[in-house]
Number of protein chains: 2
Amino acid sequence: MVKITDVARRAGVSPSTVSYALSGKRPISDATRRRVQAAARELGYRPHAGGRPPAGRRSKVLALAVPLRPGVHVPVVTEFAVSVVTAARAHDHDVLLLTRGEGEEGLRHVADAGLADAAVVMDVQLQDPRLPLLRSLPLPSVLIGVPAEPDGLTCVDLDFRAAGELCVDHLARLGHRVVALVGSPPEVYVRRTAFARRLVEGFTSAADRHRLVSTVHPCGSGRDAARAIAERLLREQPALTGVVVHNEPLLDPLIDAFERLGLRVPGDLSLTAVCPAPVAGSARVPVTSVTVPSAELGTRAVHLLVRKLSGAPVPQTTLLPPRLTERASTAARVLA
Amino acid sequence: MVKITDVARRAGVSPSTVSYALSGKRPISDATRRRVQAAARELGYRPHAGGRPPAGRRSKVLALAVPLRPGVHVPVVTEFAVSVVTAARAHDHDVLLLTRGEGEEGLRHVADAGLADAAVVMDVQLQDPRLPLLRSLPLPSVLIGVPAEPDGLTCVDLDFRAAGELCVDHLARLGHRVVALVGSPPEVYVRRTAFARRLVEGFTSAADRHRLVSTVHPCGSGRDAARAIAERLLREQPALTGVVVHNEPLLDPLIDAFERLGLRVPGDLSLTAVCPAPVAGSARVPVTSVTVPSAELGTRAVHLLVRKLSGAPVPQTTLLPPRLTERASTAARVLA
DNA sequence: TTCACCCGTCGAAGCGCTTCGACATCCTTG
DNA sequence: CAAGGATGTCGAAGCGCTTCGACGGGTGAA
């Protein structure tokens with residue numbers, strides 16, 4: 001292993017001069033700098049992380065805190081991870097996958113041991129136990145997902161409010177006048193995720209703007225819940241022709257339930273969803289959807305992190321604009 | 001950040017005693033050790049990586065050198081990565097994804113900067129440019145894939161020879177007497193991968209053992225190549241009833257070509273493949289196959305690495321036994 | 001009772017690097 | 001020609017930790 005003293009000896013200067021010549025933190029004469037650089041190159045010198053004083057120069061490593069509970073979400077998590085890694089590479093950083101502990105433990109470990117310069121934190125919940133830690137740690141971080149109280153943090157997420165609006169806009173443009181939102185299970189709105197509530201806001205406000213008749217229905221999962229909600233919707237709103245679904249596992253059962261009740265999709269009923277693209281594409285009827293842009297979120301998170309590291313100011317919350325992809329589940333309303 | 005001196009002060013001992021008490025590298029009285037441990041726990045002490053002398057204690061990080069060229073193989077690579085990460089977690093290690101440079105650069109960087117204790121190297125080729133480096137670096141490593149000259153390295157791979165045999169055994173057991181291997185493109189056998197050649201060996205020797213008539217045909221990809229090879233096989237070996245395919249992209253076109261020639265799979269022709277499970281399962285006809293067990297390979301690699309780190313001897317080359325999964329493409333030969 | 005030895009602990013050195021303060025030069029200026 | 005300021009370089013300290021060598025006190029044996 002070639003160290004700074006080797007370079008110094010070969011260049012005929014002191015180690016500190018080498019350090020300055022390479023870092024540019026102090027003015028060094030052109031001749032000396034060139035000599036040092038040549039020596040470093042010839043010897044294949046590469047600074048060893050062990051030598052850094054703890055708070056000193058960066059290790060060029062980004063930590064990625066991803067809850068990799070076996071079996072859960074693996075494809076989606078993966079998509080994020082790949083995009084983070086790719087983006088990190090573009091910024092000349094490596095990525096340290098955090099797998100120990102359930103999150104707090106791992107983050108503290110990275111910060112204390114100085115293993116990474118910064119962290120990307122995935123799967124953020126409304127009241128995430130990691131938040132106080134992130135606020136107090138000297139480790140810059142970016143969250144994917146917006147918690148209840150984002151003060152003092154940096155967050156990226158899809159703009160779920162706009163996503164809700166976009167679905168309604170789409171249905172309204174197709175001529176639908178009575179719409180419903182079939183949402184996530186009630187408990188989601190209470191305790192877990194902020195985005196669910198924002199989606200509802202967007203849905204409602206867009207419906208009002210278009211002067212549509214609209215209702216919102218949190219809904220559990222499973223075939224029975226699907227049947228129940230479908231029947232109820234038809235009973236309470238016989239004129240219903242547009243449905244927005246924000247509940248991945250319910251997608252297929254719901255389409256099924258509607259068809260059993262004699263409503264074809266999209267013939268009698270148009271349906272849009274907010275979900276990952278693969279889910280929408282592989283449903284019984286490919287569903288027009290607003291995609292959760294995992295890849296772009298990852299990229300964006302890394303960008304923000306790099307800016308933070310360079311000391312540049314970053315916005316507290318970045319919301320990505322949603323994009324709607326038309327598939328086979330929506331059509332213009334047939335006028336009676 | 002709480003450091004070793006803080007713990008020492010609180011426990012009323014010297015920093016070195018703390019170090020010994022926690023590492024167990026020297027005998028420390030029970031009372032002192034308990035006091036130190038209590039102090040460390042109360043203060044939330046965690047050693048900082050920066051303090052380690054370069055060759056000293058481990059950082060508990062495993063590097064994963066994965067050629068993440070965008071778009072290439074992502075799902076397969078991912079499966080490996082996930083299994084490596086999961087296994088690493090089981091051994092209380094984090095995983096550093098190497099993304100810089102094309103491989104040599106990244107490995108050298110990790111070794112020099114002391115970022116990881118060891119490395120898992122994926123996508124190893126017959127003449128891999130990283131091999132000399134791996135031999136000379138002070139960084140223990142395990143390769144996934146066996147190169148031409150594995151001396152001085154540690155490798156894990158599927159036992160492709162046995163995989164070839166297994167396919168033939170299966171066909172023989174079903175009563176097939178004339179078999180053919182449709183392999184990878186010729187250049188693969190020449191320059192790239194060792195496993196292709198080993199598969200051929202296994203195929204041939206098993207065929208001989210069962211006294212089957214057998215032929216081997218390297219083959220390019222694409223619909224035309226498939227048609228050509230299918231016609232040629234039937235012309236040269238009209239009695240052919242068993243085919244082994246080791247060429248993923250050719251799978252579907254080949255089945256197609258055979259059926260156009262009037263041969264049903266598996267009615268007239270039984271077909272087995274060596275490929276990842278998803279490819280086999282989603283082919284036109286689900287194909288009986290020997291799976292490349294990515295997950296197990298990753299796990300095994302980490303196991304070996306951990307053993308190496310602990311100083312235990314490890315076998316140079318570990319070949320995993322193949323397992324054959326029956327699907328819809330093989331059937332007993334119908335006796336004329 | 002004395003000597004030898006071992007156990008448990010400590011002090012100090014050292015890892016490779018950065019960075020602060022100091023010190024030569026050399027070039028401006030007055 | 002002297003004083004002052006740049007400019008470029010060096011020595012030394014220090015980061016948090018490990019580890020070597022040493023030392024003191026207790027124990028057991030003679």
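Order of the sequence lines fixes the chain letters, A, B, ..., with proteins taken first and strands second; residue numbering starts at 1 for each chain.
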> Passes salt bridge (charged side-chain N to carboxylate O under 4.0 Å, His left out), Arg9(B) versus Asp6(B)? Steps please.
Replying inline: CA-CA 5 Å; Arg9(B) 199 172 322 115; Asp6(B) 300 328; 3.5 Å; yes
> When only distance counts, do a donor and an acceptor, one from the side chain of Tyr20(B) and one from the base of dC7(C), lie under 3.5 Å apart?
Replying inline: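 When only heavy-atom distances are counted, Tyr20(B) does not reach the base of dC7(C) through any donor-acceptor pair under 3.5 Å.
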> Do the side chain of Arg26(A) and the base of dT19(C) come within less than 3.5 angstrom through a donor-acceptor pair of N or O atoms?
Replying inline: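 Checked by distance alone, the answer is no.
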> Do Thr32(A) and Ser29(A) get their side chains close enough for a donor-acceptor pair, meaning under 3.5 Å?
Replying inline: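 Yes, side-chain donor-acceptor contact under 3.5 Å.
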> Hey, are Thr17(A) and Ser14(A) close enough side-chain-wise for a donor-acceptor pair under 3.5 Å?
Replying inline: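 Yes, because at least one side-chain N or O of Ser14(A) sits under 3.5 Å from a partner of the opposite role on Thr17(A).
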>> Using a 6.0 Å cut-off, check whether atom CZ of Arg108(B) has over 12 heavy atoms from anything other than its own residue.
In response: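 No, not enclosed.
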>> I'd like to know whether CZ of Arg35(A) has more than 12 heavy-atom contacts from other residues, nucleotides or ligands below 6.0 angstrom.
In response: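 Enclosed: over 12 neighbouring heavy atoms sit under 6.0 Å from CZ of Arg35(A).
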> What is the nucleic acid contact for Pro27(A), judged by heavy atoms within less than 4.0 Å: base, sugar-phosphate only, or nothing?
Replying inline: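 It contacts base atoms.
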>> Nearest to the side chain of His48(A), heavy atoms from C-beta on, is which of dC10(C), dC17(D), dG16(C)?
In response: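 So the side chain of His48(A) is nearest to dG16(C).
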Integer-rounded Å distance: [N] [atom2] and [X] [atom1]:
X	N	atom1	atom2	answer
Leu115(B)	dG16(C)	CG	P	16 Å
Leu22(A)	dT9(D)	CG	P	13 Å
Arg46(B)	dT18(D)	CZ	P	14 Å

Could I get a table of every N or O pair under 3.5 Å where one atom is in the protein and the other is in nucleotides 23-28 of chain D?
none

Phosphate OP1/OP2 of [N]: any [X] side-chain N/O under 4.0 Å:
X	N	answer
Lys25(A)	dT19(C)	yes
Ser14(B)	dC10(C)	yes
Ser16(A)	dT19(C)	no

> Hey, does Leu98(B) have a side-chain heavy atom less than 4.5 Å from the side chain of Leu107(B)?
Replying inline: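 The answer is yes; the side chains approach within 4.5 Å.
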> Who pairs with Ala312(B) by side-chain contact (heavy atoms from CB on, under 4.5 Å), at least two apart in sequence or on another chain?
Replying inline: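 Residues passing side-chain contact (heavy atoms from CB on, under 4.5 Å) with Ala312(B): Arg307(B), Ser310(B).
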>> Below 4.0 angstrom, which residues in residues 28-38 of chain B have at least one non-hydrogen atom near DNA chain C?
In response: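 Nucleic-acid contacts, sorted: Ile28(B), Ser29(B), Thr32(B).
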> Rounded to the nearest 0.5 Å, how far does CG of Leu131(B) lie from CD of Glu149(B)?
Replying inline: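 Interatomic distance, Glu149(B) CD to Leu131(B) CG, rounded to 0.5 Å: 9.5 Å.
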> Is the closest basic N to carboxylate O distance between Asp92(A) and Lys60(A) below 4.0 Å?
Replying inline: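 Salt bridge flag = yes for Lys60(A) with Asp92(A).
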